[in-house]
Amino acid sequence: MSKIKLFYLVLLLPLSACVETTNFQVDRYQMDDLRDDDNDGVINQRDLCEQTPDLVAIDNNGCAFWGAVDDISWFVINFDFDRSVLNDSELPALEKARKQLQANKNINLVLIGDTSGEGSLMYNEALAKRRNNSVKEYLLRAGIDESRIELQLFDQPTAFTAHLKKRKRRTIAVFVDSQKVLTKEWNIYTTEEK
């Protein structure tokens with residue numbers, strides 16, 4: 001036998017002691033519920049949401065993903081320089097907002113007060129709050145519930161004002177639909193992709 005073969009044999013000899021034969025003895029009988037009653041791809045044993053609707057995206061626990069409705073509409077209420085009194089020219093937009101709020105109870109309104117760049121930060125913050133309150137008071141007098149109106153300031157981080165670059169004399173009114181919808185998704189049980 002050559003020295004190289006003997007060398008490899010010596011290397012493999014310790015590894016042969018690690019080989020173990022497979023044990024085919026069953027220690028546990030199948031008791032898990034492997035059915036999938038709601039056809040979402042998660043077995044009943046692990047499914048925390050047993051009645052998942054068809055064709056929706058789910059997590060590993062069989063629960064559907066809910067997403068907010070992305071349809072956000074907004075409008076602007078303009079004010080005169082250094083003023084927080086509503087102009088008559090802005091009343092038709094506010095009346096339209098009132099009708100929209102009364103027609104759909106799922107919609108809320110976020111008012112984002114803004115000012116032009118003149119003035120100190122403290123003064124502009126107070127002015128923006130007064131502008132928000134002018135719009136809010138108008139809507140409250142028109143019968144809108146106070147819990148459906150949220151007040152914010154332009155310099156606070158919000159998703160609604162990321163695309164607005166210039167400071168102006170205004171209040172931005174954003175309609176937010178509180179309704180949630182299921183996220184639809186193609187899965188192994190559907191025949192067409194979404």
Does one side chain, of S89 or N87, offer a donor that lies under 3.5 Å from an acceptor on the other? no
Would you please name every residue forming a salt bridge (charged side-chain N to carboxylate O under 4.0 Å, His left out) with E150, sequence neighbours left out? none
Quick one: does D37's side chain have a donor or acceptor within less than 3.5 Å of a partner on N44's backbone? no
Applying salt bridge (Lys or Arg N to Asp or Glu O under 4.0 Å) as the test, list every pair that has at least one member in residues 95-104; sequence neighbours left out. E95-R98
Indicate yes or no: at least one non-hydrogen side-chain atom of Q102 is less than 4.5 angstrom from one of I144. yes
Between the main-chain N or O of S84 and the side-chain N or O of S134, is there a donor-acceptor pair closer than 3.5 Å? yes
So how far is it from E146 CD to L140 CG, rounded to the nearest 0.5 Å? 5.5 Å
Determine whether a donor-acceptor pair (N or O, by modelled atom type, separation under 3.5 Å) exists between the side chain of R148 and the backbone of L101. yes
Nearest 0.5 Å please: distance from the CZ atom of R46 over to the CG atom of L34. 11.0 Å
Can you find a heavy atom in the side chain of N61 that is under 4.5 Å from one in the side chain of V42? no
Working to the nearest 0.5 angstrom, can you tell me the gap between Q100 CD and L109 CG? 9.0 Å
I need the I77 CD1 to D114 CG distance, nearest 0.5 Å. 11.5 Å
Rounded at 0.5 Å granularity, tell me how far CG in N133 sits from CG in L151. 6.0 Å
Quick one: does any side-chain atom of N132 pair with a main-chain N or O of Q152 as donor and acceptor, under 3.5 Å? yes
Smallest heavy-atom separation, A128 atom then G113 atom, equals CB-C, 3.7 Å
Between CZ of F81 and CG of L127, what distance do you get to the nearest 0.5 Å? 9.0 Å
Same cluster for F79 and L111 if Ile/Leu/Val/Met/Phe/Trp/Tyr side chains link at under 4.5 Å? yes
Can you name the residues that form a salt bridge (charged side-chain N to carboxylate O under 4.0 Å, His left out) with R35, not counting sequence neighbours? D33
Within a strict 4.5 Å, meaning less than it, do heavy atoms of the T115 and Y123 side chains meet? no
